[in-house]
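The structure under discussion appears below in the form of structure tokens.
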Amino acid sequence: MSALPPADSMQARLADAARSGVFSAQPAAAARAARVAEQAGLLLIGIDLKDTRDQASLLQALAETLGFPDTFGHNLDALGDSLGDLSWLPQAHGYLLHLSNCAKPVERCKDDFDALVAVLNDAADEWRGRGTPFWVLIDQPHSRSRAFMASA
């Protein structure tokens, strides 16, 4: 028996901005959410953090994957500003960012990763306030994230 909800139930959850935020997700749950994201009208963006080692490389990974404008300032404030805009991305009902390979940055630069998660939480709060789903799934437990299936 699968612990994952049916696809239509997950689709409804992902489409609900009030439920969105930053979550820790087991691989099976993250993969299921990725498959259902498009049906929920969300733009799925996978961000691989395996080569990150500090704040600069974390910011660079997000900037490159999300296609931040050339004016991106490469600091946490600029990250927050850019995540709050996203107007250069294809139009979508909402967003699902899947951060993978987070174990190395947690090991190498825990404080920088913690700061990144704080900015992602702020961005999720901002989008939720606009009524737009903004989901972030990270593949590591984190004190500032909730378990995906338990809270989604």
Side-chain angles (χ1 to χ4, degrees), residues 3-50 52 55-102 105-106 112-152:
L4 299 176
D8 58 345
S9 174
M10 185 178 283
Q11 179 180 342
R13 289 177 180 199
L14 291 176
D16 184 356
R19 292 179 158 186
S20 64
V22 178
F23 295 84
S24 298
Q26 294 294 321
R32 183 81 173 274
R35 287 192 302 271
V36 176
E38 185 177 320
Q39 297 166 341
L42 305 183
L43 179 62
L44 171 65
I45 302 166
I47 303 170
D48 188 346
L49 299 180
K50 71 178 175 195
T52 59
Q55 185 179 72
S57 58
L58 286 166
L59 292 170
Q60 188 62 33
L62 270 78
E64 287 177 5
T65 304
L66 291 165
F68 286 168
D70 292 338
T71 57
F72 176 63
H74 295 277
N75 60 57
L76 293 173
D77 288 336
L79 176 62
D81 291 344
S82 295
L83 289 172
D85 182 356
L86 302 179
S87 60
W88 58 88
L89 293 176
Q91 192 170 18
H93 172 70
Y95 306 93
L96 191 153
L97 280 56
H98 179 214
L99 278 59
S100 61
N101 294 307
C102 297
V106 167
D112 294 327
F113 189 78
D114 291 348
L116 169 66
V117 172
V119 172
L120 291 166
N121 265 302
D122 290 345
D125 291 345
E126 184 177 335
W127 283 105
R128 191 172 35 258
R130 297 180 202 165
T132 301
F134 186 90
W135 294 85
V136 179
L137 304 181
I138 58 177
D139 67 357
Q140 292 290 305
H142 193 274
S143 62
R144 295 205 53 189
S145 68
R146 296 172 279 170
F148 178 60
M149 293 316 303
S151 305

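In this chain, residues are counted from 1 in sequence order.
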With a 4.5 Å heavy-atom cut-off, do [X] and [Y] have their side chains touching?
| X | Y | result |
| --- | --- | --- |
| P90 | L43 | yes |
| L49 | L62 | yes |
| D77 | V119 | no |

(Q) Treating Q39 as the side-chain partner and Q11 as the backbone partner, does any N or O pair qualify as donor plus acceptor under 3.5 Å? (A)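 It does not hold such a pair.
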
Q) Just by distance, do the side chain of S20 and the backbone of W135 share a donor-acceptor pair under 3.5 Å? A)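 Side chain of S20 to backbone of W135: no pair is present.
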
Q.
Once side chain to side chain contact (heavy atoms under 4.5 Å, CB included) is applied, do any residues pair with D81, and if so which ones, sequence neighbours excluded?
A.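 Partners of D81 under the side chain to side chain contact (heavy atoms under 4.5 Å, CB included) test: none.
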
For the atom pair [atom1] ([X]) and [atom2] ([Y]), what is the distance rounded to the nearest 0.5 Å?
| X | Y | atom1 | atom2 | answer |
| --- | --- | --- | --- | --- |
| L137 | I47 | CG | CD1 | 11.0 Å |
| L96 | L44 | CG | CG | 5.5 Å |
| F148 | M10 | CZ | CE | 4.5 Å |
| L86 | L97 | CG | CG | 7.5 Å |
| D112 | T52 | CG | OG1 | 9.5 Å |

Q: Look at atom CD of Q60 and say whether more than 12 heavy atoms of other residues, nucleotides or ligands are closer to it than 6.0 Å.
A: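 Enclosed.
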
Q. With S100, which residues qualify under side-chain hydrogen bond (donor to acceptor under 3.5 Å, both in side chains), at least two apart?
A.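 side-chain hydrogen bond (donor to acceptor under 3.5 Å, both in side chains) check on S100 returns nothing, list empty.
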
Q | CA sep, side-chain torsions, deciding dist, call: L58, L79, side chain to side chain contact (heavy atoms under 4.5 Å, CB included) | A | CA-CA 10 Å; L58 286 166; L79 176 62; over 6 Å; no

Considering non-hydrogen atoms only, spot the tightest contact between [X] and [Y] and give its length.
| X | Y | value |
| --- | --- | --- |
| P133 | L42 | CB-CD2, 3.9 Å |
| G21 | A124 | CA-CB, 3.7 Å |
| L120 | F134 | O-CE2, 4.2 Å |

Below 3.5 Å, can you tabulate the donor-acceptor pairs from side chains in residues 65-74 to any protein atom, sequence neighbours excluded?
{"from": "T65", "atom 1": "OG1", "to": "A61", "atom 2": "O", "distance (Å)": "2.9"}

**Q.** Qualifying side chain to side chain donor-acceptor pair (under 3.5 Å) pairs, either residue in residues 118-129, two or more places apart
**A.**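 Side chain to side chain donor-acceptor pair (under 3.5 Å) check on residues 118-129 returns D125-R128, E126-R130.
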
Q: Would you mind listing every side chain to side chain donor-acceptor pair (under 3.5 Å) that reaches into residues 89-99, with sequence neighbours excluded?
A: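 Applying side chain to side chain donor-acceptor pair (under 3.5 Å) to every pair that reaches into residues 89-99, excluding sequence neighbours, yields nothing.
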
Q: Using ring-ring contact (aromatic ring centres under 6.0 Å, His included) as the criterion, list what pairs up with H142, not counting sequence neighbours.
A: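 Scan of H142 (ring-ring contact (aromatic ring centres under 6.0 Å, His included), adjacent residues dropped) gives F113.
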
Q) L99 and side-chain contact (heavy atoms from CB on, under 4.5 Å): which partner among D48, V117, D139, L116? A)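 Running side-chain contact (heavy atoms from CB on, under 4.5 Å) over D48, V117, D139, L116 with L99 returns exactly one hit, L116.
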
